[in-house]
S.K.: 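Questions regarding the structure given below will be posed in turn.
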Number of protein chains: 2
Amino acid sequence: MSDAKAATLNTRIRADISERILSGAWPPGHRIPFEHELMVQYGCSRMTVNKALAPLAESGLLVRRKRAGTFVSRPRIHSVVLDIPDIAAEVSGRGETYGYDLLSRKVRQATRREVEELDLSAPGPIVVLRCLHRAGGRPFALEERLINLESVPEAQAVDFARTAPGSWLLGHVPWTEAEHRISAANVERATAQVLGIEATAACLVLQRRTWRGTDKITHVRLIFPGDAYDLVARFAPSPGAPPRPTA
Amino acid sequence: MSDAKAATLNTRIRADISERILSGAWPPGHRIPFEHELMVQYGCSRMTVNKALAPLAESGLLVRRKRAGTFVSRPRIHSVVLDIPDIAAEVSGRGETYGYDLLSRKVRQATRREVEELDLSAPGPIVVLRCLHRAGGRPFALEERLINLESVPEAQAVDFARTAPGSWLLGHVPWTEAEHRISAANVERATAQVLGIEATAACLVLQRRTWRGTDKITHVRLIFPGDAYDLVARFAPSPGAPPRPTA
DNA sequence: CGGTTCGTTATGTCTATACAATATCGCGAC
DNA sequence: GTCGCGATATTGTATAGACATAACGAACCG
């Protein structure tokens, strides 16, 4: 990184320390200098050192123990940030024209399986949608969407013929929690036909459930032909901006 | 949230604000109170307010502009944290016994394809490994691993008959950058046979490249039978525990 | 009218200090 | 020896004040 930039003290301390850790100079388990020592070393106040170290600890690079000191953490779990983009954005980002078709729309009680997918406690009214996303005329992804009408009654009045449910929900219903599940699967013959692929072709399946507090909002299953889409995640533990969900 | 307590002021301010945003009370684009106002409201110093808001801005929930104020940002991308566990840990975490077999090990010059996979600038000596990870006796994942001997010459002396290359590398070679790619694919007949699955069965393919600075370290392709493994990511933008990418 | 300057305002960073919480260490009692 | 407990070192959180930085807007001048 050519950070020829605004090196504030805070930034410099963080950079120095994570550089030493990532280069291996300070191996996992190593005790790094005390706040008091760093404060002398950098000629700054302890608050500044503390403000620099706190995010590194929060991010898991360091472990801090009172009375003991600050240590380089050992668990090297591969934890990565994955951006799951809006499909329309993804498609037009590739320079292809985005297309959307509503295949079916039903309002009914949730089946036992749908109750489970939506994490409901009991069967209730839901909207069931099947939509096809296209890229440059060719099928790009099949969307199977459930919306819980008990949490989102407004959805009953929307026909989703032109607006993809994902976009509508994003604009209308805030969420507080989401769970993603990524898997590979063979799909049913009918699904393969809609997607224009061989029945044996592997598909990438992305499922997402979202909640608002304890209210169940929606469940979506996106099915991508295996050759259409790769999820890519890049992780560069730069000392600068820790990409973080929140807080 | 029934987090019973340990509410420091810092925590409370963050919790209040993200709650208001996530509940929709403060919609995207809304200007939240100035630091000075919050400082009066909570009866604390501006430093404390600043320390509470800074991480929210860093995480993307807020956008701060000098002279203008602090605004709720429009969240568009679903950004999730994915933990890609060590396979041994994953298997024993399920209560199954973990097994490991080295299928083949070669040291040779990188082919054109391997040069690309490792992001090399020119063909050089590499170690090529094929390993099978088993869970409770049954195949769990096939690992195809390339190690760049120019960056990691020690790897030439290791035979990997008992230690999985992932574990060895984690303990011996620090890395600074990684790229992950997740896809679904049909595999070759020989691969299917090793995994004990039908040749048409969909597989989840996880590829990872790692660098240390500009040095290329390794490339690994993990192939999971589609029914063996789901990657799960949970994202709860609660002010509590910040899941985060890290080394 | 158009461009420049300068003041105002909000955030960004840092300091010096204070007190609280807590884990570890070492000492003394048994 | 070992157990318990208190002293103490280290981090956690907060404060009030200071100066830096950036951007908007209004006043000023050509």
Side-chain angles (χ1 to χ4, degrees), chain A residues 3-18 20-21 26 29-74 238-242 244 247, chain B residues 3-18 21 26 29-73 239-242 244:
Chain A
D3 9 49
K5 299 256 123 149
T8 66
L9 240 186
N10 191 314
T11 309
R12 261 190 50 219
I13 297 176
R14 269 198 277 187
D16 283 2
I17 288 175
S18 37
R20 260 175 272 222
I21 293 173
W26 287 348
H30 181 255
R31 209 214 74 225
I32 80 167
F34 297 125
E35 289 191 352
H36 187 261
E37 300 177 83
L38 289 171
M39 147 188 165
V40 172
Q41 194 171 315
Y42 285 94
C44 66
S45 74
R46 193 169 73 87
M47 257 310 278
T48 304
V49 174
N50 187 286
K51 272 189 81 166
L53 296 187
L56 291 182
E58 222 174 73
S59 82
L61 206 60
L62 296 176
V63 171
R64 319 197 68 187
R65 277 172 26 232
K66 303 190 182 191
R67 167 72 218 231
T70 301
F71 302 83
V72 178
S73 66
R74 35 185 86 255
S238 70
R244 278 193 319 170
Chain B
D3 359 70
K5 308 359 143 112
T8 66
L9 240 186
N10 192 314
T11 310
R12 262 191 48 219
I13 298 177
R14 270 198 274 187
D16 284 1
I17 288 175
S18 35
I21 293 173
W26 287 349
H30 181 256
R31 208 215 72 225
I32 78 168
F34 297 126
E35 289 191 353
H36 186 262
E37 299 178 84
L38 290 171
M39 147 187 166
V40 171
Q41 193 171 313
Y42 285 93
C44 65
S45 73
R46 194 169 73 87
M47 255 311 276
T48 304
V49 173
N50 188 287
K51 271 188 82 167
L53 296 189
L56 292 182
E58 223 173 72
S59 81
L61 208 59
L62 296 176
V63 172
R64 319 197 67 183
R65 279 181 13 239
K66 304 192 182 192
R67 164 76 217 227
T70 301
F71 302 82
V72 178
S73 67
R244 260 237 6 190

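Lettering of chains follows the sequences in order, A, B, ..., and the numbering in each one begins at 1.
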S.K.: Rounding to a whole Å, what distance do you find between A:R64:CZ and D:dG12:C1'?
M.R.: 9 Å
S.K.: Tell me: CG of A:L56 to C1' of D:dT11, nearest whole Å?
M.R.: 15 Å
S.K.: Please evaluate the base of C:dG12 for a donor-acceptor partner in the side chain of B:R46 within a cut-off of under 3.5 Å?
M.R.: yes
S.K.: Between A:E35 and B:S45, which residue's closest nucleotide on DNA chain D lies nearer the 5′ terminus?
M.R.: A:E35
S.K.: Should B:P33 and B:T70 count as side-chain neighbours, where that means a heavy-atom distance under 4.5 Å?
M.R.: no
S.K.: State whether A:T48 places a side-chain N or O below 4.0 Å from either non-bridging phosphate oxygen (OP1 or OP2) of C:dT13.
M.R.: no
S.K.: Measure from CD on B:E58 to P on C:dT11 and round the result to the nearest Å.
M.R.: 17 Å
S.K.: Send over the distance from B:M47 CE to C:dA18 P, rounded to a whole Å.
M.R.: 17 Å
S.K.: Between C1' on C:dG12 and CZ on B:F34, what's the gap in Å once rounded to a whole number?
M.R.: 16 Å
S.K.: Just the rounded figure in Å: distance from C1' of C:dC14 to CZ of A:R12.
M.R.: 14 Å
S.K.: Would you mind telling me which of B:L38, B:L61, B:V49 makes a side-chain contact (heavy atoms from CB on, under 4.5 Å) with B:I17?
M.R.: B:L38
S.K.: Separation of A:F71 atom CZ from C:dA23 atom P, in whole Å?
M.R.: 13 Å
S.K.: Using a cut-off of 4.0 Å on non-hydrogen atoms, how would the nucleic acid contact of A:L53 be classed: base, sugar-phosphate, or nothing?
M.R.: nothing
S.K.: Regarding B:R31 and B:E37, does a basic nitrogen lie under 4.0 Å from an acidic carboxylate oxygen?
M.R.: yes
S.K.: Tell me whether the side-chain N/O atoms of A:T70 come closer than 4.0 Å to OP1 or OP2 in D:dT11.
M.R.: yes
S.K.: Are any of B:N50's side-chain N or O atoms less than 4.0 Å away from OP1 or OP2 of C:dT13?
M.R.: no
S.K.: Could you tell me whether A:R64 and A:E35 have a side-chain N and a carboxylate O separated by less than 4.0 Å?
M.R.: yes
S.K.: Given C:dG12, is OP1 or OP2 found less than 4.0 Å from the side-chain N or O atoms of A:T8?
M.R.: no
S.K.: Start at the 5' end of DNA chain C and walk down; is the nucleotide closest to A:G43 or to A:R67 reached first?
M.R.: A:G43
S.K.: Please check if atom NE2 in A:H36 has more than 12 non-hydrogen atoms from other residues, nucleotides or ligands closer than 6.0 Å.
M.R.: no
S.K.: Of the nucleotides C:dT13, D:dT15, C:dT22, which has the atom closest to the A:K66 side chain?
M.R.: C:dT22
S.K.: Please report the distance, rounded to the nearest Å, between CZ in A:R65 and C1' in D:dA9.
M.R.: 13 Å
